[in-house]
2 protein chains.
Amino acid sequence: MQTEEEILKIKKVKNTAVRTVVLRHLLNQEKAQSLKDIENALAYTDRSSIFRTLKTFEENKIIHSIEDGSGMTKYAVCAEGCNCDPKDLHYHFYCSNCNKTFCLFDLPVPKLELPKNFKLQQANMVVKGLCDNCNK
Amino acid sequence: MQTEEEILKIKKVKNTAVRTVVLRHLLNQEKAQSLKDIENALAYTDRSSIFRTLKTFEENKIIHSIEDGSGMTKYAVCAEGCNCDPKDLHYHFYCSNCNKTFCLFDLPVPKLELPKNFKLQQANMVVKGLCDNCNK
DNA sequence: CTTTTAGTGCAACTCGATTGCAAAGATTAT
DNA sequence: ATAATCTTTGCAATCGAGTTGCACTAAAAG
Ligand SMILES: [Mn+2]
Ligand SMILES: [Mn+2]
Ligand SMILES: [Zn+2]
Ligand SMILES: [Zn+2]
């Protein structure tokens, strides 16, 4: 597992106080975080600073965003070596009971045979249901 | 292709002026429509009436919604016989050039082997890229 | 016809996301 | 080291999609 500083260095994003604390928070979570989740966790950091930090992280492929249908965009740290292109595609799971959203890095995404002449760039794949913890 | 009246009858939703015109509009579009799209197309129908109509349609499985990441939920008419459960799962395509979102009813979705003890309920699968028209 | 229930239009409101701007901090040039 | 320049941050204001309360109208039931 890389540290915040290592990740920022690799992705050539300048290390600042807000960036460090936001990235550290994201690294410590097992569920994808919304802007509000982060705001609540980091009580003394301004929302717009967190917002702009998330934009910067996403542009520099430190994190990726997930639209899980909850109305709030969620963010998760990219896997090591991720370049956010089709080869890095993976499913996300949204538990309708505990509302936890997370990356399913281990579930392979089959090759998509799009209709003729279509070009694949990215995808937002969200599977919904009950997680192992809630399905008892 | 079924008419608005037939669909409403089959799905046991009372036929009203707004419902008929909204459903007719949706049936005539090849791209999934946002609330604003419909509002713009139906200049004399109120937004909240369209909104409540869409809720009613979705609850009664006349239409399904698509979160394509554009910030506006899109709606498309369900295929005949659709029951909006995992067997009706299909991909959606969002063209990053022309911003058109539509159902890929012909592209089969492989069976999802979720991790142990997970239960699949639904999914929102949006593939992004260039449509055949824009990929030239 | 009268009563009851369902649908519609309008205005107001919610809330996540986004922006303008000035202050603070960091970097570069003199 | 100091001044000029660029970047980041905090605060307040704004945006816009979605949602709701309420009164009015239309349809269904009695
Ligand atoms: Mn992910
Ligand atoms: Mn669809
Ligand atoms: Zn759960
Ligand atoms: Zn296109």
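Only heavy atoms go into these numbers, but all of them, side chains included; no hydrogens, no water, no symmetry mates. Every chain is numbered from 1 and lettered A, B, ... according to where its sequence line falls, protein lines coming before strand lines.
Nearest to the side chain of Thr45(B), among dT7(D), dG9(C), dG10(D), sits dG9(C). Ranking dT8(C), dT27(C), dT9(D) by closeness to the Val18(B) side chain, first place goes to dT8(C).
Between the side chain of Asn83(A) and the backbone N or O of Asp85(A), no donor-acceptor pair lies under 3.5 Å.
For CD of Glu6(B), the number of neighbouring non-hydrogen atoms (other residues, nucleotides, ligands) closer than 6.0 Å is greater than 12. The 12-atom threshold is not exceeded at NZ of Lys119(A), counting heavy atoms of other residues, nucleotides or ligands nearer than 6.0 Å.
For Arg52(B) against dG18(D), no side-chain N or O and base N or O form a donor-acceptor pair under 3.5 Å.
To the nearest angstrom, P of dG9(C) lies 12 Å from CZ of Arg19(B). The distance between atom NZ of Lys14(B) and atom C1' of dA6(C), rounded to the nearest whole Å, is 5 Å. Atom pair Leu54(A):CG and dT9(D):P shows a separation of 12 Å (rounding to whole Å applied). To the nearest angstrom, C1' of dT27(C) lies 15 Å from CG of Asn15(A). Following rounding to the nearest Å, Ile38(B) (CD1) and dA17(D) (P) show an atom-to-atom distance of 14 Å. One interatomic measurement links the two molecules: NZ of Lys12(B) to P of dA28(D), which rounds to 17 Å at whole-angstrom precision. Per the geometry, CG belonging to Asp68(B) stands 13 Å off C1' belonging to dA17(D), to the nearest Å. Rounded to whole Å, the distance from CD on Glu39(B) to C1' on dT19(D) is 13 Å.
Residues Thr53(B) and Thr45(B) are not in side-chain contact: their nearest non-hydrogen atoms beyond the backbone lie 4.5 Å or more apart. Between Leu35(B) and Met72(B), the closest side-chain pair of non-hydrogen atoms is not below 4.5 Å. Here the side chains of Val127(B) and Leu107(B) are not in contact, with every heavy-atom distance at 4.5 Å or above.
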Give every pair of a protein N or O atom and an N or O atom of nucleotides 14-18 of chain C that lie under 3.5 Å apart, one pair per line with the distance.
| from | atom 1 | to | atom 2 | distance (Å) |
| --- | --- | --- | --- | --- |
| dG16(C) | OP2 | Lys36(A) | NZ | 2.8 |
| dA17(C) | OP1 | Thr73(A) | N | 2.9 |
| dA17(C) | OP1 | Thr73(A) | OG1 | 3.4 |

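Summarising the geometry, atom NE2 belonging to His64(A) is positioned 9.5 Å from atom CG belonging to Asp88(A); distances are rounded to the nearest 0.5 Å.
In terms of phosphate contacts, Thr16(B) brings no side-chain nitrogen or oxygen within less than 4.0 Å of OP1 or OP2 of dG7(C).
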